[in-house]
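Each chain gets a letter, A, B and so on, in the order its sequence line appears, and its residues count up from 1.
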Protein chains: 2
Amino acid sequence: MWVGKSRARRVMQLPIESIGWLGFLLFIHELLRIKSMTKYTESPKPALAMRRTTVVVDAIKTWIVENSLAPNDRLPGEKALIEHYGVSKGTIREAMRVLEAQGIIQTKTGPGGGCFVAEQNMNVPLEALGHYFYFHPLTMADVYQLRKLLEPELAASAIPYLDAEDIEQAKSIMRDYSFPAQNRKEWFKQLVRSIDFYDVYVEKCPNVLLSFYCRYLHTMLKELTTVQLQQSDFDDHLRRKGFDNQLLLLEAMRAKDVETTRRLISTHMTFLHQYMEKHAATLDNQFLQVAK
Amino acid sequence: MWVGKSRARRVMQLPIESIGWLGFLLFIHELLRIKSMTKYTESPKPALAMRRTTVVVDAIKTWIVENSLAPNDRLPGEKALIEHYGVSKGTIREAMRVLEAQGIIQTKTGPGGGCFVAEQNMNVPLEALGHYFYFHPLTMADVYQLRKLLEPELAASAIPYLDAEDIEQAKSIMRDYSFPAQNRKEWFKQLVRSIDFYDVYVEKCPNVLLSFYCRYLHTMLKELTTVQLQQSDFDDHLRRKGFDNQLLLLEAMRAKDVETTRRLISTHMTFLHQYMEKHAATLDNQFLQVAK
DNA sequence: GGACATTTGTCCGTATGTATT
DNA sequence: CAATACATACGGACAAATGTC
């Protein structure tokens, strides 16, 4: 389908390299099609204007699907895209920024550079949710209503896939809050750090969607939590209780004891929720910025 | 903070309109800051290059937060942004496309047009998830593992907020599959339509995150489901069972009977899951295109 | 409905930055 | 270090959309 005389090296599958007659006709046809789609979509409603940029974005996405490109596969360069779609450089560049913002492609400069299907990670979709929920602020109660439901299921699902290394990694994280904090700053840092514990087995859960849903909860809690410590001395109750619970949890998970795992997490989530409510913990109204 | 002599009409809150000395100095400072940030971020690691577009995007997002702009508030026009950030038109336009792809702004042409904080709806974040999960394909089992957990909670949470109108709307949807289908196409259309039923009370659930999570499940099922109907005659079992269950459900919800509601949904989700597995229903690997 | 003004959308030519060879 | 092949950035001309008079 791609007909520009691209000289892309590795992965570009150009079915037709020298295109000849028919190719040229198809090229013209495609070109006219895009030019015309510029004006109106085939939507039943009042026919919304469609930008060239949008048309190109959709076309490239379709192309990725049809050729089932995988991460790190290379797309044609700007030059080739310009020729193929018959649009200007600016339009192509805008389209690239959109695809990049959607987490579909990445660009690299220099020779051998260009556009590649993006290495997929959760950062982009996590931030996307962050953008939406900035305008629909969530409460701790909302987050914990979901944690109570999802965390036990997550842990239970992950159990069969946990190995000794995971347990070790979790323990290594726990070391960062294995001692009482000396000041508020450290106290808060420990609180945030203790959430990383749950991310260890997020990676191991076979249900990617469940993983993602939980991960978003964790990300919000880590990035947006604010605690008003009214009493001048922060207490050590939360840390100890969390630490002890996680120890028991690790034991249960290592023993592949699904029921105990579920129960431990479930009760701890309830405890955490109550603690957060009691200490008036809230979620900041900020755009979510996922730490790399 | 915004210093360009914008003539935006309504909502633009320009703290300083005629800026004077200090304003000018701050302006120069901001300008130089951006130009320099172009090269490297302050990241501890090998110092990744940061595009101007990215810098502008972040700056505008920060600005939106600091001035707590709300949907439909107007942003400065291209001209003003170009002057303020000291970058070219192309850069600004790329930034706009990114912000638009993130669902934060919308643009309109013509007089009174410009950039506005976007009217928030779930389409953008839903599609964002779609982009990610295109590369991490989900199974029916994944989706139903979550439906079993979330749908009962969703319905239970929504009960206090349901009114007669909602019940009526749900019933109106049910009319579309109140009769046996005549052919496969209609059978499938009814199946898809029956999911809209659950979207009625998605709107009413006070936990926006729970709503969103469920909504994504529904969207995937509606847009991506493929059913292999091996037997030449499709059966009416699924439709009847679903229809009857939804009738009972409406009754329980109207009666504010939380326990019955939970039980009805829970068992029906289990049934649906088994039915889908039995009929080898799968999720297409396509980019999710949310119907407007 | 027609002329006009305003604002985004598209295009192009050129120059610069960056990484590979 | 030079040449090369890419993306990135700039600025200004023109087109298209849309509200107002």
**Study point:** Test item: side-chain donor near acceptor, A/R93 and B/T53, under 3.5 Å
**Key:** no

Check your understanding: Tell me: CZ of B/R51 to P of D/dA9, nearest whole Å?
Key -> 7 Å

**Study point:** Closest to side chain of B/T109, choosing from C/dC12, C/dG9, C/dG17
**Key:** C/dG9

Review point. Any Lys/Arg nitrogen of A/K204 or A/D163 sitting under 4.0 Å from an Asp/Glu carboxylate oxygen of the other?
Key: yes

Point to revise | Which nucleotide in D/dA7, C/dC11, D/dC10 has an atom nearest any side-chain atom of A/T91 | key: C/dC11

Practice item. Answer yes or no: is there a donor N or O on one side and an acceptor on the other, between the side chain of B/Y213 and the main chain of A/Y213, under 3.5 Å? Key: yes

Review point. For B/V65, does its backbone N or O pair with a side-chain atom of A/Q286 as donor and acceptor, under 3.5 Å?
Key: no

Check your understanding: If you check the A/S88 side chain, which of C/dT10, D/dA5, D/dA17 turns out closest?
Key -> C/dT10

Exercise for review: Please work out if A/G90 contacts a base, only the sugar-phosphate, or nothing of the nucleic acid, heavy-atom cut-off 4.0 Å.
Suggested key: nothing

Review point. Between D/dA7, C/dG9, D/dC10, which one does the side chain of B/E78 approach most closely?
Key: C/dG9

Review point. Counting any heavy atom closer than 4.0 Å, what does A/K89 reach on the DNA or RNA strands: base, sugar-phosphate only, or nothing?
Key: base

Study note, to complete from the structure: Quick note, A/R74 side chain, CB onward, closest among D/dC6, D/dT18, C/dT8 is D/dC6

Exercise for review: State the pairing partner of C/dG13; accept Watson-Crick or G-U wobble contacts with both distances under 3.5 Å, and report none otherwise.
Suggested key: D/dC10

